[in-house]
There are 2 protein chains.
Amino acid sequence: MTPRLEIALVRDLPPFSGIDEKSLRDILDMARASRVKVGERVFEQDGEAREFFLLLDGNIRVVKLTPDGEQVVPRYISAGELFGIARALNMETYPASAVAASDCVVLSWPTAVWDGLVAKHPTFATNTYRTVGKRLAETQQQVVELATARVEQRVANAILKLANQTGRRTPEGILIDFPVTRQDISEMTGTTLHTVSRLMSSWEDLGWVKSGLKMITLVEGHKLVLVANGVKPDKR
Amino acid sequence: MTPRLEIALVRDLPPFSGIDEKSLRDILDMARASRVKVGERVFEQDGEAREFFLLLDGNIRVVKLTPDGEQVVPRYISAGELFGIARALNMETYPASAVAASDCVVLSWPTAVWDGLVAKHPTFATNTYRTVGKRLAETQQQVVELATARVEQRVANAILKLANQTGRRTPEGILIDFPVTRQDISEMTGTTLHTVSRLMSSWEDLGWVKSGLKMITLVEGHKLVLVANGVKPDKR
DNA sequence: CGAAGCCTTGATGCGCCTCAACGTACGTGG
DNA sequence: CCACGTACGTTGAGGCGCATCAAGGCTTCG
């Protein structure tokens with residue numbers, strides 16, 4: 001038999017804030033831990049939502065496929081976040097696919113336990129709905145951005161978001177701590193890998209970022225913030 | 001004292017489906033009805049979320065303002081829908097403004113009653129979260145569209161959505177039943193009123209729509225569906 | 001060591017924004 | 001009821017931002 005999951009793993013994560021240890025034990029005992037290797041999928045768009053998940057370690061890329069085969073990446077999930085919670089919103093299928101952007105450790109619960117879980121642990125329900133609210137707000141913010149900002153601004157913003165979410169301090173600057181390709185960025189921002197490449201090259205020339213293969217380091221974040229806000233570089 | 005609100009007003013609306021009449025009475029007794037004239041605002045972006053609302057009649061335009069003063073319209077609310085339900089997601093302020101697109105009748109509840117209400121009437125909570133789920137899915141769909149579809153497709157789609165939501169059959173075709181300007185459409189699709197005007201003129205020449213001042217009638221919906229799906233008009 | 005995946009950089013063109021000007025319906029007050 | 005002002009709509013000309021097409025270099029891994 002598998003060992004019990006450690007409460008310490010999740011106790012301090014936002015989804016479980018304010019929940020006492022006994023309840024936590026109860027919740028954890030319904031979960032199953034598993035590993036997902038980079039590139040593997042946790043679940044598939046339009047697939048039946050049989051489980052919901054908590055990301056313990058790693059990074060998940062959420063991917064939507066359009067009818068004509070293009071990909072859009074509406075968000076990245078990082079450690080400590082719930083995902084695949086279609087069931088919380090009474091949906092029967094996942095609205096997008098979830099791909100491991102790096103090696104991951106996830107907890108999963110059968111969807112069937114959801115109703116009992118929120119009934120028994122209202123704090124957990126509250127926390128979850130707060131998360132949903134944040135995601136809805138973020139998504140609407142994306143709509144606004146796509147509708148009004150130029151590519152340059154959107155790409156700068158995407159890099160800043162990634163750096164904030166999963167950045168690690170290094171001597172060089174803030175390193176985005178999992179493999180990200182130019183194509184990934186383009187799918188987050190509704191542009192092409194070519195345009196992203198050109199932009200990043202120009203920023204690298206200016207010394208604002210450092211980038212290599214699947215690797216981005218933010219050197220002068222504040223400069224990118226200006227770009228993201230549509231400030232034109234010094235028009236003399 | 002004001003008369004009690006009629007249960008018949010809301011009994012058959014989706015947010016109240018599956019709720020017995022006694023509970024309905026209870027819920028309704030906490031509500032207040034009011035009228036909002038076209039152009040007036042029900043609530044303001046970033047304002048404190050003191051109430052949540054149900055639209056009984058009319059149409060509400062949801063508007064987001066960008067830092068640099070541009071407007072984006074992420075959705076329209078039509079009769080029978082809840083709106084301003086920030087509180088359901090533990091948010092303290094409204095993420096957008098709500099403007100009456102036509103004369104409206106709305107019910108409103110003080111935010112303070114929310115928690116008691118969902119506790120006492122779980123069916124209502126479930127219905128609400130289903131709505132939230134649908135909106136999140138729609139919003140993500142918008143992101144995909146803005147990221148991948150050309151203006152032409154997006155505008156066609158916006159008109160189709162409006163026609164589906166609030167269209168009224170007339171001898172000419174399906175009439176969008178409240179005033180919509182070219183600018184409104186452009187703010188829904190992230191383009192300019194000029195481009196919308198040009199597109200609609202060309203569709204009018206083809207006989208696919210009829211349009212006048214603040215008025216749009218869909219004559220050949222299936223043609224617009226093709227445009228929305230990116231089918232190029234007959235390339236021989 | 002070769003192949004596949006990732007990145008870069010140029011050339012070209014077009015979709016759509018921007019700027020500009022004018023036409024048209026509405027409603028408001030004299 | 002007509003005259004005017006205002007808001008809405010149309011249409012043209014011009015140009016820029018970014019996609020598209022094309023070619024080649026670099027890294028990683030089997």
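Order of the sequence lines fixes the chain letters, A, B, ..., with proteins taken first and strands second; residue numbering starts at 1 for each chain. Everything quoted here is computed from the prediction, not taken from an experiment.
Of the candidate nucleotides C/dC17, D/dT11, C/dT9, C/dT9 has the atom lying nearest to any side-chain atom of A/S197.
Interface residues of residues 170-193 of chain A facing DNA chain D, ordered by number: A/G190, A/T191, A/T192; criterion, heavy-atom separation under 4.0 Å.
Summary for the helix from C/dC1-D/dG30 to C/dG30-D/dC1: the axes at its two ends, each from 5 pairs, differ by 40° when rounded to the nearest 10 degrees.
Here the C1' atom of nucleotide C/dT24 and the NZ atom of B/K214 are 14 Å apart, to the nearest Å.
For B/R35, the side chain to side chain contact (heavy atoms under 4.5 Å, CB included) criterion is met by B/V105, not counting sequence neighbours. Partners of A/Y94 according to the ring pair (Phe, Tyr, Trp, His ring centres under 6.0 Å) rule, which considers only residues two or more places apart in sequence or in another chain, are A/F43. For B/R75, the side-chain hydrogen bond (donor to acceptor under 3.5 Å, both in side chains) criterion is met by B/E138, not counting sequence neighbours.
Judged by distance alone, with hydrogens and angles left aside, A/R198 brings a side-chain donor or acceptor within reach of the base of C/dG10, the pair sitting under 3.5 Å.
For residues 180-201 of chain B, the set of pairs meeting the ring pair (Phe, Tyr, Trp, His ring centres under 6.0 Å) definition, not counting sequence neighbours, is empty. Evaluation of the salt bridge (charged side-chain N to carboxylate O under 4.0 Å, His left out) test over residues 142-151 of chain B, restricted to residues two or more places apart or in two chains, returns B/R150-B/E152. The salt bridge (charged side-chain N to carboxylate O under 4.0 Å, His left out) analysis of residues 163-174 of chain B, with sequence neighbours excluded, yields the pairs B/R168-B/D177. Counting only residues at least two apart or in different chains, ring pair (Phe, Tyr, Trp, His ring centres under 6.0 Å) contacts with residues 145-167 of chain A are absent. The list of ring pair (Phe, Tyr, Trp, His ring centres under 6.0 Å) pairs with a residue in residues 138-168 of chain A, not counting sequence neighbours, is empty. Applying the salt bridge (charged side-chain N to carboxylate O under 4.0 Å, His left out) rule to pairs touching residues 179-196 of chain B yields B/R61-B/D184, sequence neighbours excluded.
Distance CD1/A/I159 to CH2/A/W203: 5.0 Å, rounded to 0.5 Å.
Nearer to the 5' terminus of DNA chain D, by closest-nucleotide assignment, is the contact made by B/E204 (compared with the other of A/A149 and B/E204).
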### Query
How would nucleotides 23-30 of chain D be written as a contact map, 5' to 3', with B for base contact, S for sugar-phosphate-only contact and - for no contact, using protein heavy atoms under 4.0 Å?
-----S--

